[in-house]
Trainee: 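Supplied in structure tokens, the structure appears directly below.
From a predicted model like this one, the values you see are computed outputs, not experimental measurements. Numbers here are sequence positions counted from 1. Each ligand, and each atom within it, is numbered from 1 in the order the structure gives.
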Amino acid sequence: MYIHVIDAKKAIGKRVRLRGWVHRKRGSGSIIFVVLRDHTGIIQASIKRDAVSKNGWELAEAATTESSIIIEGVVREDKRAPTGYEIDVSKIYVTGISEPYPITEYQSTELLLDKRHLWLRSVKMVNIMKARSMVFRYAREFLDRSKFFEISPPLITGAAGESGADMFSLEYFGSKAYLTESSQLYSEAMIYALEKVYSFAPSFRAEKSRTIKHLAEYWHLEPEMAYYDIKKTMVLIEKLVSHISISLAKRNQDILAALGVDHTYLLDIRPPFKRITYEQAIDLLNQKGKSLKWGDDFGVEEERLLTEDELKPVFVTYWPRELKPFYMPINPKDERTVLCADLQAPKGHGEIVGSSQRIHKYDEAIGRFEEVERVKGVKFNMDNYSWYLDTLRYGSVPHSGFGMGMERVIKWLLGLDHIRDAIPFPRMSNRLSP
Ligand code: 4AD
């Protein structure tokens with residue numbers, strides 16, 4: 001019977017088989033201790049020369065760090081073993097011998113990134129990747145339970161956004177195409193068929209900014225809802241973020257403990273979240289020593305200052321119209337602003353969600369396109385948007401939606417220093433490999 005490391009404690013006195021990798025090895029002439037790793041943890045196995053065959057002993061001697069092995073033996077409780085349990089091995093089989101492993105104890109960050117394909121086996125990365133998988137699961141779980149349909153947007157598009165500056169371009173059968181920076185417009189088009197939808201796909205950003213929160217390729221969750229306004233959208237975002245955080249805390253205490261994350265903190269991420277306007281955010285930042293004026297955008301430092309003392313996420317609402325894209329409607333109560341809300345993660349982790357109500361009237365959309373062209377000095381190729389404008393011409397309805405950057409959420413929930421550790425193979429302006 002094959003078991004995983006985690007189940008060894010339930011099999012004391014029983015003969016079991018485990019498949020894993022050599023995490024560490026030490027030994028003498030008559031006994032070799034192998035710490036075996038599988039995805040559930042590590043366990044010590046003792047291989048005594050007189051308890052295994054001659055061939056088995058030779059294999060144990062030959063097995064190097066990270067060799068893949070299969071062992072058979074009896075589980076024993078042993079206070080001296082690293083995890084309190086040990087396997088007395090009677091059979092050992094080496095599936096794949098490892099060449100000298102290039103990662104040793106103290107390595108530079110750069111080397112660990114170069115050897116990412118191997119570093120992903122480290123206990124830390126294993127736990128982060130498990131947590132990532134869970135965060136994806138709970139996000140889907142919440143939206144599925146809330147009766148959303150998952151849709152599949154195209155990732156290659158002909159539309160270059162506002163100027164194409166932040167998009168990766170590629171050759172597409174003789175013409176120019178781009179990797180999508182957001183699937184929002186496609187999510188929007190699908191509400192007229194399915195009403196509440198979400199796309200869960202990568203977005204690509206060619207921005208050169210090398211910061212702790214920017215990836216060139218990230219996973220973007222983009223729900224879009226018919227008949228929602230911005231206020232109802234904020235309530236939905238709160239519930240989604242809370243569901244992810246609380247589910248992670250309740251169902252994965254072992255993973256969080258291994259990463260040094262206090263799960264009780266995550267249990268407290270409950271609605272309502274604080275709401276401040278952009279104007280209030282500017283005042284707050286200026287009280288903290290900045291000298292910002294109306295119309296200034298926030299960078300990493302401003303976002304850090306804004307929520308450094310907060311324990312729960314904070315919405316920053318109603319941003320200046322000149323800072324935001326063409327699809328955001330003017331706020332009727334303050335025409336300097338649009339109906340939008342960004343969610344800032346607490347403890348200075350920065351923006352995790354961008355949301356807004358959407359313009360649903362054709363003429364208004366044309367007006368905003370022209371305004372953005374004027375203010376930002378860009379020129380839209382309207383041929384690329386004719387299909388989108390069509391959706392506003394044929395039975396449009398008020399609607400709203402948002403985009404959540406999954407790696408940013410993971411960075412915050414796990415308290416990671418850098419976004420690159422929230423994704424297995426990070427793509428950044430200075431990194432395309434592995
Ligand atoms: O604020 P953004 O640019 O908004 C949009 O793309 C909208 N079309 C989304 C929508 O309403 N459907 O991006 C949304 C979120 C940000 O809040 C952030 O969490 C994440 O995407 N994000 C990034 N994550 C990692 N690396 C980057 N370079 C990111 N840029 C944005």
Trainee: Checking a contact table here: which protein heavy atom is nearest atom 15 (C) of ligand 1, and how many Å away?
Mentor: Gly403 O, 3.6 Å
Trainee: Tell me which part of Tyr218 gets within contact of ligand 1: side chain, backbone, both or neither, using heavy atoms under 4.0 Å.
Mentor: side chain
Trainee: Going from OG on Ser122 to CG on Leu112, what distance comes out if it is rounded to the nearest 0.5 angstrom?
Mentor: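 So the OG of Ser122 and the CG of Leu112 are separated by 8.0 Å.
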Trainee: Which atoms form the tightest heavy-atom contact between Thr65 and His23, and what is the distance?
Mentor: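 Result for this residue pair: CG2-O, 3.8 Å.
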Trainee: Please state which protein non-hydrogen atom is closest to atom 16 (C) of ligand 1 and give its distance, to 0.1 Å?
Mentor: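 Heavy-atom neighbour on the protein nearest atom 16 (C) of ligand 1: Glu351 OE2, 3.2 Å.
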Trainee: Among protein heavy atoms, which sits nearest to atom 14 (C) of ligand 1, and what does the distance come to when rounded to 0.1 Å?
Mentor: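 Its nearest protein heavy-atom neighbour is His220 NE2, 3.3 Å.
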Trainee: Which of the atoms in ligand 1, numbered in the order shown and given with their element, are less than 4.0 Å from a heavy-atom of Tyr327?
Mentor: 7 (C), 8 (N)
Trainee: Pick whichever of Glu181, Arg205, Met404 has a heavy atom sitting closest to atom 5 (C) of ligand 1.
Mentor: Arg205
Trainee: Could you tell me whether Ile419 and ligand 1 have an N or O pair separated by under 3.5 Å?
Mentor: no
Trainee: So how far is it from Lys130 NZ to Thr40 OG1, rounded to the nearest 0.5 Å?
Mentor: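 One finds 6.5 Å between NZ of Lys130 and OG1 of Thr40.
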Trainee: Are any of the N or O atoms of Gly401 closer than 3.5 Å to those of ligand 1?
Mentor: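 By distance alone, the answer is no.
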Trainee: Ignoring angles and geometry beyond distance, decide whether Ser182 reaches within less than 3.5 Å of ligand 1 through its nitrogen or oxygen atoms.
Mentor: yes
